[in-house]
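I am attaching a structure below and will ask some questions about it afterwards.
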Amino acid sequence: MRLLVTGGAGFIGSNFVHLTARERPEVEITVLDALTYAGDETSLAPVADSVRLVQGDITDGKLVDRLVSTSDLVVHFAAESHNDNSLANPWPFVQTNLIGTYTLLEAVRKHGVRYHHISTDEVYGDLELDDPAKFTDATPYNPSSPYSATKAGSDLLVRAWARSFGIAATISNCSNNYGPYQHVEKFIPRQITNLIDGIRPRLYGAGENVRDWIHVEDHNTAVWTIIDKGRLGETYLIGADGEKNNLEVVQALLEVFGRPADDFDHVTDRAGHDLRYAIDSQKLRTELGWEPRFTDFKAGLVDTVDWYKANEAWWRPAKAATEAKYSTAGH
Ligand code: NAD
Ligand code: TDX
């Protein structure tokens, strides 16, 4: 099978390529990645022999058409992915998440290639802290930020291309991922690398916002399950019942580092900050038989801290510029 992975040099995409190279050696893997600030060729170094990396943009119609025409399956991870960046400058989000997805859809339509679309639970907006409801694939779309609005738009393009043009597509909407190779701009790696550097963690607002954490490996086994067994045209929500508020996560990290539970700073909150995400993944579990394996969040955090300690050369080059950007934004 010839597989095209967009965004395969990013956090989740590179972990997906690692998993695929390890467990499916018969798959020929091509990665299409623009190597933006968030993409890093060295994330693919351990599997470099099994992967062809093409540096290019998913909005480049000619390049996308050529790569899709020689593929049997496209898994589309490439995106502008950070909410804070989307508040500072929404344009790259419109360009990559909307125009980029459109460009891929036109190519898979033309060449009749199977397509899996990676999306987020943020398309559903947010929940109250005490709401017993969780997101399902029937929850109405209600995105809050330019990031989540462009992801929602990209999902709707996929649904329209499946219904009107009959493309062979599936969609997954996953909750917050953590694990190795995540950019230091994101919450957990930012605090881990702050703690390594002796800087106090930074909590937006009161820290009561809840995220539904899942280990990146569990996200990616779910993606393969949907590709193998999912019904075409369907949307599957991926989650591992990992709800934690941000204060709990910061205090878990402080404990791993042997620091006092109040050794952090409150900083300016994010504009439009979603309060709570929670995923109901019953459809994926009962219909397709998927289960998460990394269900011990504390153990997963300890492994992730160990990874950042052992791989300083990977994250160090991005750290100072990331913190400078946060300091300008008051975070
Ligand atoms: P990331 O920012 O770490 O990686 C994105 C990758 O896409 C980078 O390698 C970047 O170079 C590449 N890219 C960006 N613009 C491109 C373009 N125009 N052309 C080609 N490549 C381009 O993101 P991530 O956290 O790995 O997220 C991957 C996907 O998963 C995204 O679609 C995101 O919306 C989705 N998602 C992420 C999470 C999460 O918690 N991180 C949760 C649910 C869904
Ligand atoms: O320094 C921080 N302090 C803090 O309290 C940072 C960077 C974040 N936060 C808070 C904001 C959020 O409530 O932590 C939570 C997680 O923040 P992010 O890592 O920025 O993730 P989030 O905005 O929840 O979005 C993530 O999950 C869904 C990914 O970045 C998206 O790509 C994905 O779709």
Side-chain angles (χ1 to χ4, degrees), residues 1-82 85 92-93 95-97 99-108 111 113-119 154 172 174 177 179-186 189 216-217 219-221 223-224 227 307-308 310-318 321-322:
M1 182 212 266
R2 298 164 304 171
L3 166 66
L4 180 64
V5 182
T6 71
F11 164 45
I12 307 173
S14 64
N15 278 282
F16 182 78
V17 170
H18 286 220
L19 173 73
T20 305
R22 200 168 62 237
E23 297 193 350
R24 302 186 181 223
E26 72 284 4
V27 175
E28 277 176 37
I29 309 169
T30 300
V31 165
L32 171 59
D33 198 298
L35 300 179
T36 68
Y37 81 95
D40 190 337
E41 193 172 351
T42 66
S43 303
L44 294 171
V47 290
D49 291 347
S50 331
V51 179
R52 175 170 69 122
L53 172 63
V54 177
Q55 181 173 1
D57 202 296
I58 57 166
T59 61
D60 178 344
K62 273 202 185 126
L63 174 64
V64 164
D65 185 82
R66 181 162 60 76
L67 292 174
V68 170
S69 74
T70 51
S71 302
D72 304 301
L73 166 67
V74 174
V75 184
H76 175 34
F77 290 92
E80 284 292 337
S81 69
H82 193 39
N85 291 343
F93 291 74
Q95 181 77 4
T96 288
N97 300 355
I99 309 292
T101 298
Y102 159 81
T103 306
L104 283 160
L105 289 173
E106 283 295 81
V108 300
H111 298 289
V113 174
R114 172 81 170 87
Y115 173 85
H116 182 74
H117 185 73
I118 303 292
S119 192
S154 75
S172 55
C174 188
N177 286 220
Y181 298 106
Q182 187 169 28
H183 196 278
V184 291
E185 70 190 356
K186 301 300 192 321
V216 63
E217 193 81 359
H219 182 176
N220 285 328
T221 60
V223 169
W224 268 118
I227 293 164
W307 189 87
Y308 281 88
N311 290 278
E312 183 169 342
W314 181 85
W315 58 264
R316 176 61 69 192
T322 303

Which residues pass the side chain to side chain contact (heavy atoms under 4.5 Å, CB included) test with Asp40, sequence neighbours left out?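 Once residues adjacent in sequence are excluded, the partners of Asp40 under the side chain to side chain contact (heavy atoms under 4.5 Å, CB included) criterion are Thr42, Ser43, Trp314.
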Salt bridge (Lys or Arg N to Asp or Glu O under 4.0 Å) involving Arg24 - partner list, sequence neighbours excluded: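 Partners of Arg24 under the salt bridge (Lys or Arg N to Asp or Glu O under 4.0 Å) test: Asp228.
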Taking all non-hydrogen atoms of both residues into account, name the closest pair between Val68 and Val74 and its distance.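 Shortest heavy-atom contact: CG2-CG2, 4.2 Å.
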With side chains defined as the heavy atoms from C-beta onward, is the minimum distance between Leu44 and Val47 less than 4.5 Å?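 With C-beta onward as the side chain, the pair touches.
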Nearest non-hydrogen partners of Ser154 and Thr101, listed with the distance: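 Heavy atoms only, the tightest pair is CB-OG1, 3.6 Å.
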Quick one: NE2 on His82 to OG1 on Thr322, what's the gap to the nearest 0.5 Å?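 Interatomic distance, His82 NE2 to Thr322 OG1, rounded to 0.5 Å: 8.5 Å.
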Could I get the full list of ring pair (Phe, Tyr, Trp, His ring centres under 6.0 Å) partners for His117, not counting sequence neighbours?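 Partners of His117 by the ring pair (Phe, Tyr, Trp, His ring centres under 6.0 Å) criterion, ordered by chain and then number, come out as His76, Tyr115.
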Non-neighbouring partners of Thr36 that pass side chain to side chain contact (heavy atoms under 4.5 Å, CB included), sequence neighbours left out: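 Thr36: side chain to side chain contact (heavy atoms under 4.5 Å, CB included) contacts with Ala34, Ala38, Glu80.
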Residue pair Phe16 / Leu3, side-chain heavy-atom distance below 4.5 Å: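 The answer is yes, as the side chains (C-beta and beyond) meet within the 4.5 Å cut-off.
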Suppose we screen for side chain to side chain donor-acceptor pair (under 3.5 Å). Which residues come up paired with Thr59, at least two apart in sequence or across chains?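 Scan of Thr59 (side chain to side chain donor-acceptor pair (under 3.5 Å), adjacent residues dropped) gives Asp57.
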List the steps, then state whether side chain to side chain contact (heavy atoms under 4.5 Å, CB included) holds for Val54 with Leu63. CA-CA 10 Å; Val54 177; Leu63 174 64; 4.2 Å; yes
Mind checking whether Asp60 and Thr103 have side chains closer than 4.5 Å, heavy atoms only?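 Counting from C-beta outward, Asp60 and Thr103 never come under 4.5 Å.
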Check side chain to side chain contact (heavy atoms under 4.5 Å, CB included) between Thr221 and all other residues, then give those that pass, not counting sequence neighbours.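 If we apply the side chain to side chain contact (heavy atoms under 4.5 Å, CB included) test to Thr221, skipping adjacent residues, the hits are Leu19, Asp218, Trp290, Arg293.
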With a 3.5 Å cut-off and sequence neighbours excluded, list the donor-acceptor pairs that the side chains of residues 179-186 form with protein atoms.
{"unit_1": "Gln182", "atom_1": "NE2", "unit_2": "Asn177", "atom_2": "O", "d": "3.4"}
{"unit_1": "His183", "atom_1": "ND1", "unit_2": "Glu185", "atom_2": "N", "d": "3.0"}
{"unit_1": "Glu185", "atom_1": "OE1", "unit_2": "Tyr37", "atom_2": "OH", "d": "3.1"}
{"unit_1": "Glu185", "atom_1": "OE1", "unit_2": "Asn85", "atom_2": "ND2", "d": "3.2"}
{"unit_1": "Glu185", "atom_1": "OE2", "unit_2": "Tyr37", "atom_2": "OH", "d": "2.9"}
{"unit_1": "Lys186", "atom_1": "NZ", "unit_2": "Ser81", "atom_2": "OG", "d": "3.0"}

Look at the side chain of Asp65 and the backbone N and O of Gly61, then say whether any donor-acceptor pair between them is shorter than 3.5 Å.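 Side chain of Asp65 to backbone of Gly61, a donor-acceptor pair under 3.5 Å: no, none is there.
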Set of salt bridge (Lys or Arg N to Asp or Glu O under 4.0 Å) partners for Arg2, sequence neighbours left out: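 Testing Arg2 for salt bridge (Lys or Arg N to Asp or Glu O under 4.0 Å), a comparison that skips the adjacent residues, returns Asp72.
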Determine, step by step, whether Asn220 and Phe77 satisfy the side chain to side chain contact (heavy atoms under 4.5 Å, CB included) criterion, reporting the C-alpha distance in whole Å, the side-chain angles of both residues, the deciding distance to 0.1 Å, and the verdict. CA-CA 11 Å; Asn220 285 328; Phe77 290 92; 3.8 Å; yes
Check ring pair (Phe, Tyr, Trp, His ring centres under 6.0 Å) between Phe11 and all other residues, then give those that pass, not counting sequence neighbours.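 For Phe11, no residue satisfies ring pair (Phe, Tyr, Trp, His ring centres under 6.0 Å) once neighbours in sequence are set aside.
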Listed partners of Thr30 passing side chain to side chain donor-acceptor pair (under 3.5 Å), at least two apart: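 Thr30 satisfies side chain to side chain donor-acceptor pair (under 3.5 Å) with Arg52 only.
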Within this structure, what is the CG-CG distance for the pair Leu104 and Leu67, rounded to the nearest 0.5 Å?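 Spacing of CG (Leu104) from CG (Leu67) equals 9.5 Å.
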Start with the C-alpha gap between Thr20 and Val75, add the side-chain angles, then the distance that decides, and say whether side chain to side chain contact (heavy atoms under 4.5 Å, CB included) holds. CA-CA 12 Å; Thr20 305; Val75 184; over 6 Å; no
Please identify each residue that fulfils salt bridge (Lys or Arg N to Asp or Glu O under 4.0 Å) with Glu41, with sequence neighbours left out.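 Applying salt bridge (Lys or Arg N to Asp or Glu O under 4.0 Å) to Glu41 gives none.
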List the residues meeting side chain to side chain contact (heavy atoms under 4.5 Å, CB included) with Gln55, not counting sequence neighbours, and say none if there are none.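 If we apply the side chain to side chain contact (heavy atoms under 4.5 Å, CB included) test to Gln55, skipping adjacent residues, the hits are Leu35.
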Which heavy atom of Ser71 sits nearest to which heavy atom of Leu4, and what is that distance?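 Nearest heavy atoms, Ser71 then Leu4: OG-CB, 3.5 Å.
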Val5 and side-chain contact (heavy atoms from CB on, under 4.5 Å): which single residue from Val17, Leu32, Asp33 fits?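 Exactly one pass, corresponding to Val17.
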Within this structure, what is the NE2-CD distance for the pair His111 and Glu106, rounded to the nearest 0.5 Å?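 One gets 10.5 Å once the value is rounded to the nearest 0.5 Å.
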Check whether Ser172 reaches the backbone of Val223 with its side chain - one donor and one acceptor, N or O, closer than 3.5 Å.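 Not a single qualifying donor-acceptor pair exists.
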Using the side chain to side chain contact (heavy atoms under 4.5 Å, CB included) rule, take Ile118 and His219 through it: C-alpha gap first, then chi angles, then the decisive distance, then the call. CA-CA 10 Å; Ile118 303 292; His219 182 176; 4.2 Å; yes
Shortest non-hydrogen contact from Gly10 to Ser14?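 That would be O-OG, 2.7 Å.
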